[in-house]
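Computed from heavy atoms alone, side chains included, the values below leave out hydrogens, waters and symmetry copies. Please read these numbers as outputs of a predicted model, since none were measured by experiment.
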Amino acid sequence: MTYKIHCKCERVEIALSNEPIVHAFCHCVDCRELLNIPFHSVTAWNEINVSINKGSNEIVVFQHPTLKMQKHFCKHCGEVLFNTNGLNWRVVSQLLISKCNDNELPKAGIQIISATLMDEWREVANC
């Protein structure tokens with residue numbers, strides 16, 4: 001299955017293929033620091049399953065100064081399309097996927113709700 005996401009102004013379109021690695025409700029310190037939000041509902045994808053179909057030159061990448069994390073967003077409307085973590089996964093908001101795909105979400109394989117498990121994954125990834 002392929003899911004397409006786009007920013008608010010639709011200058012950037014991204015395809016997410018196959019299934020995500022994980023679904024998570026993340027509230028780890030790193031995500032809070034990068035995105036300035038208390039938590040978010042996300043899917044994480046392997047880099048090879050995420051392709052930019054349109055507007056690659058319209059994406060701005062913010063590299064966090066101390067974390068191995070990036071935020072990728074549209075330079076026109078500011079919509080965050082995905083961020084990356086220390087494992088180089090593409091972390092995409094479930095809300096963005098849902099609103100771009102008639103309220104449909106990928107099937108959940110692994111679901112993570114605990115920040116403790118995410119903290120353990122971050123230690124392994126050294127981020």
Value rounded to 0.5 Å, distance of [atom1] in [X] from [atom2] in [Y]:
| X | Y | atom1 | atom2 | value |
| --- | --- | --- | --- | --- |
| Glu58 | Lys75 | CD | NZ | 5.0 Å |
| Asn101 | Tyr3 | CG | OH | 7.0 Å |
| Asn85 | Leu67 | CG | CG | 11.0 Å |
| His23 | Ser41 | NE2 | OG | 8.5 Å |
| Lys68 | Leu87 | NZ | CG | 10.0 Å |

Among residues at least two apart in sequence or on other chains, which ones pass side-chain contact (heavy atoms from CB on, under 4.5 Å) with [X]?
| X | answer |
| --- | --- |
| Ile52 | Ile14, Ser56, Ile59 |
| Lys54 | Glu13 |
| His6 | Glu10, Cys100 |

Any donor-acceptor N/O pair, [X] side chain to [Y] backbone, under 3.5 Å:
| X | Y | result |
| --- | --- | --- |
| Ser93 | Leu95 | yes |
| Asn83 | Met69 | no |
| Asn46 | Ile48 | no |
| Gln94 | Val42 | yes |
| Asn49 | Trp45 | no |

The complete set of salt bridge (Lys or Arg N to Asp or Glu O under 4.0 Å) pairs with one or both residues in residues 80-100, sequence neighbours excluded, reads Glu47-Arg90, Glu79-Lys99
Contacts of Asn103 meeting side-chain hydrogen bond (donor to acceptor under 3.5 Å, both in side chains) (sequence neighbours excluded), chain-then-number -> Ser98
Any non-hydrogen side-chain atom of Cys9 less than 4.5 Å from a side-chain atom of Cys74?
yes
(request) Please tell me if the side chains of Val92 and Ile5 come closer than 4.5 Å, counting only heavy atoms from C-beta onward. (result) yes
Under 4.5 Å between side-chain heavy atoms, hopping through other hydrophobics if needed: is there a path connecting [X] to [Y]?
| X | Y | answer |
| --- | --- | --- |
| Leu16 | Val80 | no |
| Leu81 | Ile21 | no |
| Met1 | Leu96 | yes |

**Request:** Mind running side-chain contact (heavy atoms from CB on, under 4.5 Å) on His72 and Thr84 for me, showing each step along the way?
**Result:** CA-CA 8 Å; His72 298 244; Thr84 61; 3.8 Å; yes
ask   = Side chains of His64 and Gln70: is there a donor and an acceptor less than 3.5 Å apart?
value = no
Assess the residue pair Asn53 and Lys4 against the criterion (side-chain contact (heavy atoms from CB on, under 4.5 Å)); give the C-alpha distance rounded to whole Å, side-chain angles, the decisive distance to 0.1 Å, and a yes or no. CA-CA 9 Å; Asn53 292 346; Lys4 290 186 180 177; 4.0 Å; yes
